[in-house]
Peer 1: 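Got a structure for you, questions after.
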Amino acid sequence: MPTGEPVNPTSGVSDESISGGSDELISEDSAELVAAVGTHGGEPETGFNPITGWGYNREPLVQSTLFKKDSNGSLIHDLATNYSVSDDGLTWTVNIRNDVKFHDGVPLTARDVAFTFNTAANSSGVDISVLKNAVALDNYTVEFKLNDPQATFIHKLAVLGIVPEHAYDETYGDNPIGSGPYRFVQWNKGQQAIFEANPDYYGQKPYFKKLTLLFMQSDTAFAAAKSGQVDLAEIPSSYANEKVDGMKIVSLNSIDARGITFPMQPDTGRKTENGYSIGNNVTSDPVIRKALNIGIDRQALINGALNGQGEEEFTGVDKLPFGNKEAIFEDGNVDEAGKILADSGWKDTDGDGILEKNGLKAEFTLLYPSNAQDRQALAVALSEEARKLGINIKVEGKSWDEIDTLAHSTPVIFGFGSLDPTDLYLKYYSKSYDPSSYNNVIMYNNSVVDNYLRTAITSVDQDTANKNWQLAAWDGTTGFSEKGDATWLWLASIDYLYIMDEDLDIGIPKIQPHGADIFGNILEWNRTANKTAIQ
């Protein structure tokens, strides 16, 4: 029976249901998949090039990675067969498979791995600035030298697709060659990209022999699904309860959190090296930050702005192994928020419903990327919640180019979500501040937190690392969370919503990161019905 209710798929895929070696049992139509993508993980501006960002934190389809993450977020081998780390943490040695070929038939070797990482480290497309250099010790052994002993480097080895040194140039993204489960066929820019299964793939063969990605915005994608033009489409949360004959709606939980930056410095007239203003006199007051954190009702925001498709978020990493449950607090407490504001001198003296203190109004502008529907909805709903506290939040949509110029002085609603705790380090470590990026854009500086973060990122013992990541959020006295310095206002982790053919089995999806990774377990996908023999 078709259903319009969101479900969480838990059905696995048996060996018998996967096509490798059984092509004669699968009809040509059944073995093709047409997917509408666009809102998240859509058309790459710079092409299908991992060095400029393609596939980073997602399944790159065309390229292989050294490691992958399974559906539980645990590390598994892809090209790599083994690895070791020196005692000082500065040298990583990785052994790779000896049976892998690129799609043009040329063997993949350690030289290609070293070339990929060295090229990426010298580009601005992905951040592996911790890498000093990579060297091929022999055909199947690559050595990575780091500038800093970061144990989180293992996560970099799991997200960067390997490109062929012999076939890489400035046009690579338009016609990529890789060693992954799918070969690139064509790209009609602004419209679609087509891929076909790689018959020489060293891993499990994909069920779907042809994959067509249509680049559509979510509303258009839903219309295409209703009319039978696509087998799968990402759709907005507002369509969660829609019903379409022959299709089901699947809701995937994610670690993609939405949070708001609070510039920590007062506005003293300082500017960045680019001439952008630094500081905000309202958000630099910790009482304002704490009042908003405990006063707003996150579940109400989710129910309204996200149509129920999300979960409350308090630290930005609540669901992850390095999240600190002790840092989670009770929200929606308007009375308590009002009390701490009043006790600090914030009062409505002129009766306009907005608090003041020393002639300063409790108001600020909140920016969101103008093309992000969920962030706009959350921003507007938050503004309504904040008015209950006497805080006026003026919501404005901007392009990212405009946000770049304002983010050091104006709160912004961002999306973050990665299994790599390096993101935590870059948000809160004082020395990670970079005026040309969003790293520690709030200019947070807490020496105790810094010590925890450095211990965590340099520790080779995962338990020790996770404990210190957690202490950075809250150690009982201080931290970056609301119980400490209340550096951000985290709101919700969003669910990703898809409409798909009722007979499409997507196995056990991987945990969804920021930007989604719907194809992360594509090798598990198949169809559960209509498998007619090819005559």
Side-chain angles (χ1 to χ4, degrees), residues 257-267 277-306 310 312-314 316 331-342 344-370 372-399 402-403 405-416 438 441-442 482 485-492 494:
R258 297 291 178 265
I260 293 165
T261 51
F262 283 138
M264 303 284 285
Q265 308 297 318
D267 182 2
S277 295
I278 292 174
N280 186 297
N281 290 331
V282 177
T283 64
S284 61
D285 186 337
V287 170
I288 291 287
R289 304 195 301 266
K290 284 181 175 289
L292 282 168
N293 262 285
I294 68 171
I296 65 163
D297 185 337
R298 287 163 175 78
Q299 191 59 53
L301 297 182
I302 293 165
N303 293 342
L306 300 180
E312 296 172 309
E313 189 68 43
F314 296 91
D331 68 349
N333 195 332
V334 175
D335 291 341
E336 179 63 20
K339 183 177 184 305
I340 66 171
L341 285 164
S344 182
W346 287 99
K347 298 180 180 179
D348 180 12
T349 57
D350 59 8
D352 67 352
I354 304 173
L355 304 179
E356 307 99 27
K357 180 180 179 180
N358 299 328
L360 179 67
K361 288 279 190 182
E363 63 183 13
F364 58 84
T365 298
L366 173 60
L367 305 176
Y368 67 88
S370 54
Q373 295 178 1
D374 66 322
R375 300 189 204 189
Q376 178 185 22
L378 280 171
V380 170
L382 173 66
S383 177
E384 295 170 357
E385 284 279 307
R387 286 300 294 239
K388 300 174 185 177
L389 309 177
I391 299 174
N392 183 35
I393 299 178
K394 297 172 285 187
V395 175
E396 291 185 16
K398 300 282 188 181
S399 69
E402 293 174 297
I403 291 173
T405 69
L406 300 167
H408 292 83
S409 61
T410 310
V412 180
I413 182 165
F414 281 100
F416 281 99
Y438 294 125
V441 69
I442 61 175
E482 179 278 332
D485 295 318
T487 55
W488 283 57
L489 176 60
W490 291 102
L491 302 175
I494 66 172

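This is a predicted model, so every value here is computed, not measured. In what follows, every heavy atom counts, from backbone to side chain, and hydrogens, waters and symmetry copies are set aside.
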Peer 1: With no hydrogens and no angle check, is any side-chain donor or acceptor of Glu356 less than 3.5 Å from a backbone partner on Gly359?
Peer 2: no

Peer 1: Hey, could you give me the CG/NZ distance between Leu406 and Lys398, rounded to the nearest 0.5 Å?
Peer 2: 6.5 Å

Peer 1: Does Asp485 reach the main-chain N or O of Thr487 with its side chain, forming a donor-acceptor pair under 3.5 Å?
Peer 2: no

Peer 1: What is the minimum heavy-atom distance between Ile393 and Ser383, and which atoms define it?
Peer 2: O-OG, 2.8 Å

Peer 1: Between Ile354 and Asp348, what is the shortest heavy-atom contact and its length?
Peer 2: O-OD1, 3.3 Å

Peer 1: Per the side-chain hydrogen bond (donor to acceptor under 3.5 Å, both in side chains) rule, what does the pair list look like for residues 288-297, sequence neighbours excluded?
Peer 2: Asn293-Arg298

Peer 1: Could you tell me which non-hydrogen atom of Ile260 sits nearest to which non-hydrogen atom of Leu491, and how far apart they are?
Peer 2: CD1-CD1, 3.9 Å

Peer 1: Whether the side chain of Asn280 engages the backbone of Thr410 through a donor-acceptor N/O pair (distance < 3.5 Å, no angle test) should be reported.
Peer 2: no

Peer 1: Among all residues two or more places apart in sequence or in another chain, which pass the side chain to side chain contact (heavy atoms under 4.5 Å, CB included) test with Ser277?
Peer 2: Lys271, Ser409

Peer 1: Taking the side chain as everything from C-beta on, heavy atoms only, tell me whether Ile442 gets closer than 4.5 Å to Trp488.
Peer 2: yes

Peer 1: So, taking the atom named CG in Leu378 and the one named OH in Tyr368, what distance separates them when rounded to the nearest 0.5 Å?
Peer 2: 11.5 Å

Peer 1: Hey, could you give me the CG/CD1 distance between Leu301 and Ile296, rounded to the nearest 0.5 Å?
Peer 2: 5.0 Å

Peer 1: Quick one: pull up OG1 in Thr283 and CD1 in Ile288 and give me the separation to the nearest 0.5 Å.
Peer 2: 9.0 Å

Peer 1: Mind checking whether Phe414 and Phe416 have parallel, tilted or perpendicular rings, split at 30° and 60°?
Peer 2: tilted

Peer 1: What's the shortest heavy-atom distance between Gly259 and Trp490, and which atoms?
Peer 2: CA-CE3, 3.4 Å

Peer 1: If you look at every heavy atom in Glu363 and Val282, which pair is closest and at what distance?
Peer 2: O-CG2, 3.4 Å

Peer 1: Would you call Asp352 and Asp350 a side-chain contact if the rule is heavy atoms closer than 4.5 Å?
Peer 2: yes

Peer 1: May I ask you to decide whether Lys394 forms a salt bridge with Glu396, counting only side-chain N to carboxylate O separations under 4.0 Å?
Peer 2: no

Peer 1: Would a distance-only check, ignoring hydrogens and angles, find a side-chain to backbone donor-acceptor pair under 3.5 Å from Asp267 to Asn281?
Peer 2: no

